[in-house]
Amino acid sequence: MNTPIIRSALFVPASRPERIPKALAVGADAVIVDLEDAVQESLKVEARANLDAFLSANPEARLLVRINAPEHAGHAADIALCARHAGVVGVLLPKVESAAHVSRVAACAKPVWPIIESAAGLLALADIAHADGVERLSFGALDLGLDLGLSLSSGSAAAERILDQARYALLLQSRVAGLGAPLDSVFPAIEDREGLARTARDARDMGFDGLLCIHPTQVEIVHRALCPADEELAWARRVMAAASSGAGVFVVDGQMVDAPVLGRARRLLQRAGQACD
């Protein structure tokens, strides 16, 4: 599947429709209007109506929608809303635990981004990744950590090691299923700019495209962190220049370059061309 690089996917609550145009103007690669966690239960119906009105009034807008979970009373109404608006270009499905959950959403003929948030979802990940309609995967670290009993609030390195295993599973199943690269979970500490940048670089180095974002100020930080460094790009250009000789194996900067190294150089230049501004 040939999918674009998504460095940032910015959430905005459907209960605050005045924020949707602002989110679209921030420069995120994707904007996700949220009908789920960011909307309190008493406002769910109103939030859906807000999004319906916005999409009707702004047919040129392109956004994704995080619908309510499969067991929620508003799940079917959320799917119907997404199906009738061309401006909805993808659906985020939270708390997915089976391929059947995906199939119900895929019936609206929109790409589906399953969000893995439980042990059951992680166990069924291979089936979920191969379900019809899936475009890319993500996960909710806080919900998954709660379900697994991890001590995330303390910043535990041990808890992060477990989450890294979940990241590995998402990366592996995405690759096997031919999906776009997965997106890392949200970074909840909005004021911790360096921590966000470090997390974004880690996600990049682990093979993820980018991150889910919860605040507009996170977008620029994530984009800057994900762009290859100048020295990396200079190295990649030297490799590609040397490769033009046609030799199968050659030396650049004193190091052997073969097919995998050449592939890494191409990937760095591709990311710079598609995802650095």
Any donor-acceptor N/O pair, Glu97 side chain to Gly121 backbone, under 3.5 Å: no
Answer yes or no: is there an ion pair linking Arg161 with Asp164, defined by an N-O contact shorter than 4.0 Å? no
Are any of the side-chain heavy atoms of Val33 and Leu64 separated by less than 4.5 Å? no
Single-linkage hydrophobic cluster Leu92~Val31, side-chain heavy atoms < 4.5 angstrom: no
Could you see if Ile214 belongs to whatever hydrophobic cluster contains Ile221? Use Ile, Leu, Val, Met, Phe, Trp, Tyr and a side-chain cutoff under 4.5 Å. no
Can you check whether Asp29's main-chain N or O pairs, donor with acceptor, with Ser8's side chain at less than 3.5 Å? yes
For His75 and Ala69, indicate whether the former's side chain and the latter's backbone hold a donor-acceptor pair under 3.5 Å. yes
cation_pi(Arg264, Trp235) dist<6.0 Å, angle<=45: yes
So does Arg167 pair up with Glu160, basic N to acidic O under 4.0 Å? yes
Please list all pairs meeting salt bridge (Lys or Arg N to Asp or Glu O under 4.0 Å) that have one or both residues in residues 206-215, counting only residues at least two apart or in different chains. Arg136-Asp209, Asp209-Arg271
So does Glu232 pair up with Arg238, basic N to acidic O under 4.0 Å? no
Show your reasoning for whether side-chain contact (heavy atoms from CB on, under 4.5 Å) applies to Leu211 and Leu196. CA-CA 10 Å; Leu211 276 72; Leu196 173 60; 3.8 Å; yes
